[in-house]
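Starting from 1, each residue takes its place in the sequence as its number. Counting convention: from 1, in listed order, for ligands and their atoms alike.
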Amino acid sequence: MQRDAHLNNAALMARRRAALPSGLGQSFDIVCERAENAEVWDVEGKRYIDFAGGIAVLNTGHRHPKIVAAVKAQLDKVHHTCFQVLAYEPYIELAERLIAKAPGDFPKKAFFLSTGAEAVENAVKIARSATRRQAVIAFGGGFHGRTLLGMGLTGKVAPYKAGFGPFPAEIYHAKFPNALHGVSVADALASIEAIFKYDVEPERVAAIIIEPVQGEGGFYACPPEFARALRALCDKHGIVFIADEVQTGAGRTGTWLASEQWGVAPDMITMAKSMAGGFPISAVIGRQEIMDAPGPGGLGGTYAGSPLACAAALAVLDVFEEEKLLDRSKAVGERLVAGLKKIAAKHVAIQDVRGLGAMVAVELFQGGDHARPDADLTRRLCAEAARRGLILLSCGTYANVVRVLVPLTASDALIDEGLEILGATFDALA
Ligand SMILES: Cc1ncc(COP(=O)(O)O)c(C=O)c1O
């Protein structure tokens with residue numbers, strides 16, 4: 001293929017740096033030209049295996065043919081009305097289908113926005129409206145988005161909050177249970193009781209919001225017993241229990257929603273990312289009586305629940321059923337964990353291999369010492385893996401976690417090829 005000499009990674013990155021603000025981070029100096037399922041090609045024609053999946057957005061892979069076809073078909077009918085002005089059926093059907101898939105044996109309603117942060121904002125707005133209370137409890141290490149309320153709820157200062165305050169009032173952070181870092185379920189529950197003692201009485205708390213698996217925070221799963229204790233606490237005090245499933249939702253963890261594995265249902269769920277395979281849409285699903293609290297006009301957005309994104313999300317639901325992607329999520333998770341454990345057996349730096357379904361990560365420590373998280377090795381590993389043709393992301397409160405978010409539609413051979421590159425990268429660096 002004839003290539004324009006100016007279309008190389010370095011030249012485009014130079015233009016990017018000149019035109020775009022530094023705050024917009026960039027994991028790799030790679031400019032993508034095209035993508036297919038779990039592979040991408042840069043503007044210089046180099047191929048990469050994609051273990052990042054657009055940060056948990058591509059459970060159905062890049063450009064799944066059924067999703068592309070559904071969006072093209074919708075484009076030929078109507079692509080924008082603003083739902084609050086003129087309704088369209090795909091939005092209504094999507095709400096019905098997502099309600100049917102959400103845990104909890106009670107009537108529910110659902111509506112759509114454009115981003116994960118917006119879904120979180122709206123869940124909190126609705127909880128406040130329904131309870132007529134103000135306070136919200138979130139968790140250390142949690143991530144809920146980059147809007148002011150999202151940042152306020154987020155439990156990680158650098159780089160998300162530093163310099164951006166003040167944040168909305170009445171947000172309190174409890175400890176997230178994390179056995180690897182010495183926080184037991186009992187410790188985490190005690191930290192909520194401490195908030196009730198030192199900061200705010202439970203009668204003023206509108207909502208508790210938690211990720212079933214902390215995403216940006218490091219792929220730590222909320223133990224089901226902790227979720228059950230939160231459910232009991234919320235029932236006792238009339239608090240709305242919100243599961244932020246923006247990263248865990250849409251089949252990543254082996255079930256459609258990770259909270260299905262808790263044995264108790266949250267009152268509200270937020271979704272985004274993989275629910276529409278890369279088309280921007282987010283959802284709030286919740287108990288009918290809570291969802292109906294805000295008056296007409298209190299919820300919505302110009303682009304919220306765009307017809308194209310609704311068509312894509314409906315196609316994602318079909319693809320999950322037709323291709324049995326929930327079973328695939330479990331199988332991909334098992335394959336990744338087995339492969340990563342083999343690599344871990346050779347490298348003392350890898351002290352934990354964990355996963356819920358296909359939401360899988362390894363955590364790195366200098367010399368295997370749990371007191372010394374190895375952010376430097378994590379950073380060098382991701383950079384070197386990319387040089388060798390594998391796109392990988394880091395995360396974690398201590399920036400020492402390598403996470404895998406490969407599309408569930410990737411073949412076993414491609415996953416194994418990615419694991420081989422990762423193993424060779426460890427051999428070269430660790
Ligand atoms: C759990 C969680 N909540 C909210 C968000 C924010 O989503 P968005 O970037 O679409 O606003 C994210 C994004 O990573 C997330 O992982």
Side-chain angles (χ1 to χ4, degrees), residues 23-27 52-59 112-127 136-156 159-161 164 167-168 171 173 176 178 207-222 227 241-253 256-259 262 266 268-286 301 303-306 309 312-313 316 356-361 393-397 399 401 403-405:
L24 195 61
Q26 187 81 57
S27 305
I55 318 190
V57 170
L58 297 165
N59 289 348
F112 305 115
L113 301 137
S114 303
T115 67
E118 250 188 304
V120 167
E121 293 252 349
N122 277 272
V124 170
K125 272 170 63 174
I126 295 167
V136 184
I137 296 177
F139 291 86
F143 182 79
H144 299 286
R146 287 186 167 85
T147 55
L148 271 168
L149 180 57
M151 283 190 290
L153 294 168
T154 290
K156 186 177 178 189
Y160 304 123
K161 302 169 79 153
F164 294 130
F167 304 109
I171 295 168
H173 286 94
F176 189 90
N178 184 336
I208 295 181
I209 182 165
I210 192 164
E211 293 161 87
V213 181
Q214 286 195 329
E216 304 308 297
F219 279 33
Y220 304 111
C222 164
F241 185 15
I242 305 172
D244 181 356
E245 296 238 25
V246 165
Q247 192 152 161
T248 51
R252 191 72 219 168
T253 66
W256 176 249
L257 292 161
S259 54
W262 282 349
M268 300 178 87
I269 293 166
T270 54
M271 291 184 76
K273 292 197 183 269
S274 274
M275 68 174 273
F279 291 86
I281 186 168
S282 59
V284 182
I285 307 153
Y303 299 108
S306 114
V316 165
L356 193 67
M359 196 162 174
V360 173
L393 293 173
S394 63
C395 64
T397 302
V401 177
R403 57 175 154 172
V404 181
L405 289 162

**Request:** Could you grab the distance from atom OH of Tyr160 to atom CD of Glu216, nearest 0.5 Å is fine?
**Result:** 4.5 Å

**Asked** Is the closest side-chain donor-acceptor distance between Ser259 and Glu245 under 3.5 Å?
**Response** yes

**Asked** In Å and rounded to the nearest 0.5 Å, what is the CE to OG1 distance from Met359 to Thr253?
**Response** 8.0 Å

**Message:** For the CG atom of Asp244 and the CZ atom of Phe143, what is their distance to the nearest 0.5 Å?
**Reply:** 9.5 Å

**Complete:** The protein heavy atom nearest to atom 5 (C) of ligand 1 is Val246 CG1, 3.7 Å

**Message:** Below 4.0 Å from ligand 1: does a non-hydrogen atom of Arg146 turn up there or not?
**Reply:** no

**Complete:** Looking at Pro212, Ala117, Gly249, the heavy atom closest to atom 11 (O) of ligand 1 belongs to Ala117

**Asked** Glu118 to ligand 1: N or O pair under 3.5 Å?
**Response** no

Exercise answer: donor-acceptor pairs, residues 146-156 side-chain atoms, under 3.5 Å, sequence neighbours excluded:
| residue | atom | partner | partner atom | Å |
| --- | --- | --- | --- | --- |
| Thr147 | OG1 | Glu121 | OE2 | 2.6 |
| Thr147 | OG1 | Gly150 | N | 3.1 |
| Thr154 | OG1 | His144 | N | 2.9 |
| Thr154 | OG1 | Gly150 | O | 2.8 |
| Lys156 | NZ | Gly396 | O | 3.0 |

**Asked** Hey, is ligand 1 close enough to Asp244 that some N/O pair sits below 3.5 Å?
**Response** yes

**Prompt:** Which of the atoms of ligand 1 are close to Glu211, meaning less than 4.0 Å from one of its heavy atoms?
**Reply:** 1 (C)

**Message:** I need the contact type for Glu245 against ligand 1. Using non-hydrogen atoms and a strict under-4.0 Å cut-off, is it side chain, backbone, both or neither?
**Reply:** neither

**Request:** Any atoms of ligand 1 less than 4.0 Å from a non-hydrogen atom of Glu216? List them with their elements.
**Result:** 14 (O)

**Asked** Just how far is it from atom OG of Ser282 to atom NZ of Lys273, taken to the nearest 0.5 Å?
**Response** 11.5 Å

**Request:** Using a strict 4.0 Å cut-off to heavy atoms of Thr115, name the atoms of ligand 1 that fall inside it.
**Result:** 10 (O), 11 (O)

**Prompt:** So, do Tyr220 and Val401 sit near enough that their side-chain heavy atoms are less than 4.5 Å apart?
**Reply:** yes

**Message:** Let's go through Phe176 and Ile210 carefully: what are the C-alpha distance in whole Å and the side-chain angles of both, what is the deciding distance for side chain to side chain contact (heavy atoms under 4.5 Å, CB included) to 0.1 Å, and is it a yes or a no?
**Reply:** CA-CA 9 Å; Phe176 189 90; Ile210 192 164; 3.7 Å; yes

**Prompt:** atom 10 (O) of ligand 1: which protein heavy atom is closest, and how many Å away?
**Reply:** Gly116 N, 2.8 Å

**Item:** ligand 1 versus Lys273: contacting region, heavy-atom distance under 4.0 Å
**Value:** side chain

**Prompt:** Can you tell me which residue and heavy atom of the protein come closest to atom 16 (O) of ligand 1, and the distance to 0.1 Å?
**Reply:** Gln247 NE2, 2.9 Å

